[in-house]
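Before any comments, here is the structure.
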2 protein chains.
Amino acid sequence: MALATKKIPSAKLRSAAFKRVRADHSAELAGDYVEMIADLIDERGEARCTDIAMRLGVANATVVKTLKRLQTAELITQEPYRAIFLTVEGWKMAEDGRRKHAIVEKFLLALGVSQETARIDSEGIEHHVSTETLRAMGKFLARNGG
Amino acid sequence: MALATKKIPSAKLRSAAFKRVRADHSAELAGDYVEMIADLIDERGEARCTDIAMRLGVANATVVKTLKRLQTAELITQEPYRAIFLTVEGWKMAEDGRRKHAIVEKFLLALGVSQETARIDSEGIEHHVSTETLRAMGKFLARNGG
DNA sequence: TTGAAAGTTTAGCATAGGCTAAGTTATATG
DNA sequence: CATATAACTTAGCCTATGCTAAACTTTCAA
């Protein structure tokens, strides 16, 4: 196995990036949910299952199931057949997400893409942007009238 | 249900972004695999299970299972206990991914982040960047000596 | 006040993508 | 050339995230 045994020194380094991506993904859904719940509470006074499902474009039952996980993670609280509330932790995560989201979206606009694209792409990108990159985007915005 | 019935006109528009993110995610893994297989073939002449597993940071069995899906999707071909090959379609996807990846990574570097961060963040970001945003990044690179 | 509509939950299914443990094949070398 | 080791595969488990269909609550309005 001469060929197969040759060590790849950077393998561990490489794998770190993919591990981060996988970790990002599992955190992503929770982030999207709490951010959306926060928006709904601010916009309409309360967050309901149906509205979340509609905005996310998934079935009601899917939302219910996910909310159970968020409750276990102590990000939300809810009583059967009642509106959904965020815990302190939940609000913190929502605010964090909003801040990040806003920077990425404004950044894309400043880069010259259309509003529609900025809105859509920022949704996917926001969860994969490190603090360092976020700071670089911030600086760019400061220089380019964000 | 006065409150709950109030229509949210932008709900469909909003949900489109999340739908794209979910679609991106299911395409993402396939993209990472074929890109990595292409790299291995170029670097070492062949792609083997173990190397993919090591670079991705997952167990061997996980790779095997995923490769089955890629075979069903006609992106790769393989015989039991032998190396993995890309189909024409697989090569196309790999090239596409590499091109995208390179632009995003160079873009992040040009934006001023460290090499390490550019490498890691680009891995997560590349799959969520639309053609329009990619073009904007390219333009930025042209202006800023990419 | 009661029934229909709207909203919520439960049950049951599917797929993706992880894992470990155990078995099978290939190969390098003594 | 026999065998130890490395590589690969299979089996079986788990969780996350989607779905539909059916059951249950709430609430509005006749």
Side-chain angles (χ1 to χ4, degrees), chain A residues 1-8 11 15 18-33 36-37 40 44 46-73 75-85 127, chain B residues 1-8 11 15 18-33 36-37 40 44 46-73 75-85 127:
Chain A
M1 38 135 199
L3 198 150
T5 308
K6 207 179 104 200
K7 278 288 171 301
I8 306 160
S15 71
F18 292 104
K19 278 182 177 164
R20 237 260 331 255
V21 173
R22 289 196 296 274
D24 287 348
H25 281 166
S26 41
E28 198 165 329
L29 199 79
D32 286 343
Y33 269 77
M36 182 162 294
I37 291 166
L40 282 165
R44 347 184 53 205
E46 62 173 19
R48 316 263 356 181
C49 232
T50 308
D51 298 322
I52 298 171
M54 208 152 47
R55 291 199 182 184
L56 282 176
V58 298
N60 227 283
T62 301
V63 172
V64 171
K65 207 183 279 192
T66 304
L67 290 180
K68 282 214 173 64
R69 278 200 298 278
L70 298 188
Q71 200 166 18
T72 303
L75 292 167
I76 67 161
T77 59
Q78 68 174 337
E79 299 295 312
Y81 298 99
R82 299 272 161 234
I84 299 136
F85 298 97
H127 300 284
Chain B
M1 36 126 204
L3 198 150
T5 309
K6 207 177 103 201
K7 278 288 173 300
I8 306 158
S15 72
F18 292 103
K19 279 182 177 165
R20 237 259 333 253
V21 173
R22 289 196 298 273
D24 288 347
H25 280 166
S26 39
E28 198 165 327
L29 200 77
D32 286 343
Y33 269 75
M36 183 162 294
I37 291 166
L40 282 165
R44 348 183 52 206
E46 61 174 20
R48 317 263 353 182
C49 232
T50 308
D51 297 322
I52 298 171
M54 208 152 48
R55 292 199 182 184
L56 283 175
V58 300
N60 225 282
T62 301
V63 172
V64 172
K65 205 186 278 192
T66 304
L67 289 179
K68 281 214 174 62
R69 278 199 298 277
L70 298 188
Q71 200 166 18
T72 303
L75 291 167
I76 67 161
T77 60
Q78 68 174 336
E79 299 295 313
Y81 298 100
R82 299 272 161 231
I84 299 137
F85 297 97
H127 299 285

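Being a predicted model, the structure only gives us computed values, none of them experimental. Every chain is numbered from 1, with letters handed out A, B, ... down the list of sequences.
- In this structure, of dG7(C), dT26(D), dC8(D), it is dG7(C) that holds the atom nearest to the side chain of T50(A).
- Note: CG (D32(B)) to C1' (dG18(C)) measures 15 Å, nearest angstrom.
- At least one side-chain heavy atom of I52(B) sits under 4.5 Å from a side-chain heavy atom of I84(B).
- Residue I52(B) contributes atom CD1, which lies 20 Å from atom P of dA6(D) at whole-angstrom precision.
- A straight line from CD of Q78(A) to C1' of dT25(D) spans 15 Å, rounded to a whole angstrom.
- Atom C1' of nucleotide dA6(D) and atom CZ of R82(B) are separated by 14 Å, given to the nearest angstrom.
- Residues K68(B) and K65(B) are not in side-chain contact: their nearest non-hydrogen atoms beyond the backbone lie 4.5 Å or more apart.
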Per-nucleotide protein contact string for nucleotides 15-23 of chain D, where B marks a base within reach and S marks sugar-phosphate only (heavy atoms under 4.0 Å, - for neither): -SBBBB---

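- Nucleotide dG17(C) holds its C1' atom 16 Å from the CG atom of D24(A), rounded to whole Å.
- Remark: R55(A) does not engage D51(A) in a salt bridge, criterion side-chain N to carboxylate O under 4.0 Å.
- The separation between K19(A) atom NZ and dG17(C) atom P is 18 Å, rounded to whole Å.
- Remark: D32(B) engages no residue in a salt bridge (Lys or Arg N to Asp or Glu O under 4.0 Å) (not counting sequence neighbours).
- When the P atom of dT25(C) is taken as reference, atom CD of E79(B) falls 15 Å away, rounded to whole Å.
- Between the C1' atom of dC19(C) and the CG atom of L56(B) lies a distance of 15 Å, rounded to the nearest Å.
- For the pair V21(B) and H127(A), the minimum side-chain heavy-atom distance is 4.5 Å or more.
- Residues passing the side chain to side chain contact (heavy atoms under 4.5 Å, CB included) test with L29(A) are Y33(A), T66(A), R69(A), sequence neighbours excluded.
- If you check every strand for non-hydrogen atoms under 4.0 Å, K68(B) touches sugar and phosphate atoms only.
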